[in-house]
Amino acid sequence: MVSYMNVLLYGVGGLVVAGMALLVAFQEKLVYVPVLPGLSKAYAITPSRLSLTYEDIWLTSSDGVRLHAWFIKLFPNCRGPTILFFQENAGSILFSMLLNALTTVLDIAHRLEMVRIMLQQLQCNVFMLSYRGYGASDGYPSQHGITKDAQVALDHLCQRSDIDTSRIVVFGRSLGGAVGAVLTKNNPDKVAALILENTFTSILDMAGVLLPFLKWFIGGSSSKGKILNFLVRSPWSTIDVVGQIKQPILFLSGLQDEMVPPSHMQMLYAKAATRNNRCLFVEFPTGMHMDTWLAGGDQYWRTIQQFLEQHAPVKKEVESSQNENGNNSFFSCCFSPLG
């Protein structure tokens with residue numbers, strides 16, 4: 001009996017040690033997936049394929065990494081809200097684009113299709129950044145590096161004269177929500193509001209979701225968590241960040257999320273709402289990790305539109321000036337309600 005127990009204990013210990021070794025050695029490859037196996041990082045299509053007007057933008061991060069982005073505008077002079085969109089994992093800004101139920105080849109159209117509908121429904125501009133190591137961007141992904149990438153993207157938008165820089169809204173999905181939360185916290189005077197969709201509390205907690213035995217050793221806050229949290233180089237502890245954000249936050253949660261447990265979004269909202277009374281939580285019963293925007297239908301877009309109208313409104317002096325100039329057609333296009 002003693003021998004059996006020893007074997008069992010050694011076996012469990014071996015699994016833990018092996019898991020820890022894999023985590024330390026390969027964690028960047030587990031956390032960041034710039035492209036799915038068998039697919040190329042090269043862009044298969046561009047926004048022009050969907051008849052979208054866009055600019056190819058090349059930026060240099062503060063540590064010298066060359067980054068690629070697309071700036072997609074509703075039309076050249078539209079000064080509606082500008083959405084700084086941070087993508088989910090598994091692919092460049094082109095990964096997964098038409099419908100999730102279709103083949104991997106057709107997935108290359110999913111995200112741009114979402115952006116096309118976003119432009120129409122919200123009458124906005126969209127800036128899409130490829131993190132370092134993703135898409136055409138140089139470098140290798142890390143939390144420290146991607147945080148720098150997000151900052152240079154925001155700084156670029158703030159320097160543009162063809163948008164209303166008071167109406168920049170950060171939108172992050174999944175990993176992008178963690179990125180967007182840090183950027184929003186660090187820039188209270190530059191970001192008008194934050195939208196989080198299907199975002200995790202932390203990579204620390206996700207380790208226990210993906211490898212259940214790890215939850216005994218890794219998880220919780222990066223500062224007050226479990227004993228082996230120090231091994232995780234990219235903790236992305238959104239739960240620690242979200243409570244420090246002063247701007248309005250919209251939480252969009254797909255209750256059928258097969259990757260990030262919906263309870264993570266509920267915990268993020270609870271943490272934020274204790275200190276921020278401008279938080280809104282909206283659930284979509286049939287929404288999965290990547291298709292909440294599709295499953296949510298009109299309610300999804302109307303929720304975001306109303307949030308933008310309340311927290312990133314057009315400046316009254318600008319609207320008054322346009323009315324005096326008789327240029328009402330411009331505003332009827334940029335700020336028309338959803339049908």
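The figures that follow rest on heavy atoms only: side chains count, while hydrogens, waters and symmetry mates do not. What you are looking at is a predicted structure, and each value in this text was computed from that prediction instead of being measured.
The line from CZ of R116 to CD of Q121 is 9.5 Å long, rounded to the nearest 0.5 Å. If you take CD1 on I163 and SG on C124, they are separated by 11.5 Å, rounding to the nearest 0.5 Å. We find the CD-OG distance between E283 and S253 to be 5.5 Å, quoted to the nearest 0.5 Å. Note that OG1 of T53 and CD1 of I72 are 9.5 Å apart. Values are rounded to the nearest 0.5 Å. Distance CD/Q143 to OG/S237: 8.5 Å, rounded to 0.5 Å. Rounding to the nearest 0.5 angstrom, the gap separating the CH2 atom in W70 from the CG atom in L129 is 12.0 Å.
Side-chain N or O atoms of Q256 include one that pairs as donor or acceptor with a backbone N or O of P285 at under 3.5 Å. Using a distance-only test at 3.5 Å, with no hydrogens or angles considered, no donor-acceptor pair links the side chain of S130 to the main chain of A69. Remark: side-chain polar atoms of N276 are paired, donor with acceptor, to backbone N or O of I245 under 3.5 angstrom. Side chain of T199 to main chain of R173: no donor-acceptor pair is present (N/O by atom type, distance under 3.5 Å, no hydrogens or angles). Side chain of S202 to main chain of D205: a donor-acceptor pair is present (N/O by atom type, distance under 3.5 Å, no hydrogens or angles).
Between W301 and M118, some side-chain heavy-atom pair lies under the 4.5 Å cut-off. Looking at Y269 and C279, their side chains come closer than 4.5 Å, going by heavy atoms from C-beta outward. Put simply, the side chain of T82 does not reach to within 4.5 Å of the side chain of R167, judged on heavy atoms. Between E88 and R111, the closest side-chain pair of non-hydrogen atoms falls below 4.5 Å. You'll find the side chain of L67 reaches within 4.5 Å of the side chain of V65, heavy atoms only. Between F284 and W293 the shortest side-chain heavy-atom distance does not fall below 4.5 Å. The closest side-chain heavy-atom distance from L175 to Q87 is not below 4.5 Å. You'll find the side chain of Q299 reaches within 4.5 Å of the side chain of V282, heavy atoms only.
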Cut-off 3.5 Å, no hydrogens considered: what does the side-chain donor-acceptor table look like for residues 185-196, sequence neighbours left out?
from : atom 1 : to   : atom 2 : distance (Å)
N186 : ND2    : V182 : O      : 3.3
N187 : OD1    : Q151 : NE2    : 3.1
N187 : ND2    : Q151 : OE1    : 2.9
N187 : ND2    : L183 : O      : 2.8
K190 : NZ     : D155 : OD1    : 2.9

Taking distance alone, no hydrogens or angles, what donor-acceptor pairs closer than 3.5 Å link side-chain atoms of residues 257-267 to residues at least two apart or in another chain?
from : atom 1 : to   : atom 2 : distance (Å)
D257 : OD1    : M259 : N      : 2.8
D257 : OD1    : V260 : N      : 2.9
D257 : OD1    : H289 : ND1    : 3.1
D257 : OD2    : H289 : ND1    : 2.9
E258 : OE1    : H289 : N      : 3.1
H264 : ND1    : T201 : N      : 3.0
H264 : ND1    : T201 : OG1    : 3.2

Checklist entry - What do the steps show when you test R278 against H311 for side chain to side chain contact (heavy atoms under 4.5 Å, CB included), and what is the final call? => result CA-CA 9 Å; R278 295 185 295 172; H311 299 296; 4.2 Å; yes
Item to check | Chi angles and distances behind the side chain to side chain contact (heavy atoms under 4.5 Å, CB included) call for F307, L122 | outcome: CA-CA 11 Å; F307 179 77; L122 305 180; over 6 Å; no
Next on the checklist: Please evaluate residues I304 and L250 with respect to the criterion side chain to side chain contact (heavy atoms under 4.5 Å, CB included), reporting the C-alpha separation (whole Å), side-chain torsions for both, the decisive distance (0.1 Å), and the verdict.
Outcome noted: CA-CA 8 Å; I304 298 175; L250 172 61; 4.0 Å; yes
Checklist entry - side chain to side chain contact (heavy atoms under 4.5 Å, CB included) between F71 and N125: does it pass, once the steps are laid out? => result CA-CA 7 Å; F71 187 39; N125 308 307; 3.8 Å; yes
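With hydrophobic clusters built from ILVMFWY side chains whose heavy atoms lie under 4.5 angstrom apart, Y140 does not share a cluster with F86. Cluster annotation: L255 and F281 are assigned to distinct hydrophobic clusters (Ile/Leu/Val/Met/Phe/Trp/Tyr, side-chain heavy-atom contacts under 4.5 Å, transitive).
Sorted by first and then second residue, the ring pair (Phe, Tyr, Trp, His ring centres under 6.0 Å) pairs with a member in residues 145-174 read F85-F171, F127-H156; sequence neighbours excluded.
Nearest heavy-atom pair across L52 and L112 is CD1-O, 4.3 Å. Here the closest non-hydrogen pair linking K271 and T274 is O-OG1, 2.7 Å. Taking each heavy atom of A136 and H68 in turn, the nearest pair found is CB-CB, 3.9 Å. The heavy-atom pair separating Y131 from G176 by the smallest distance is OH-CA, 3.4 Å. When every heavy atom of Y134 is checked against every heavy atom of P141, the shortest pair comes out as CE1-CB, 4.0 Å. Nearest heavy atoms, A312 versus V169: CB-CG2, 3.8 Å.
Looking at E55 and K73, no side-chain N of the basic residue comes within less than 4.0 Å of a carboxylate O on the acidic one, giving no salt bridge. A salt bridge is absent between R66 and D138: the closest approach of a Lys/Arg side-chain nitrogen to an acidic carboxylate oxygen does not fall below 4.0 angstrom.
A side-chain donor from one of S61 and R132 sits under 3.5 Å from a side-chain acceptor of the other. In the model, T292 has a side-chain atom that pairs as donor or acceptor with a side-chain atom of N198 under 3.5 Å. With 3.5 Å as the limit, one finds a donor-acceptor pair spanning the side chains of Y300 and E197.
Shown here is R160, whose CZ atom has more than 12 heavy atoms of other residues, nucleotides or ligands within 6.0 Å.
Each of L268, L280, V242 was evaluated against I249; a single residue qualifies, V242, per the side-chain contact (heavy atoms from CB on, under 4.5 Å) test.
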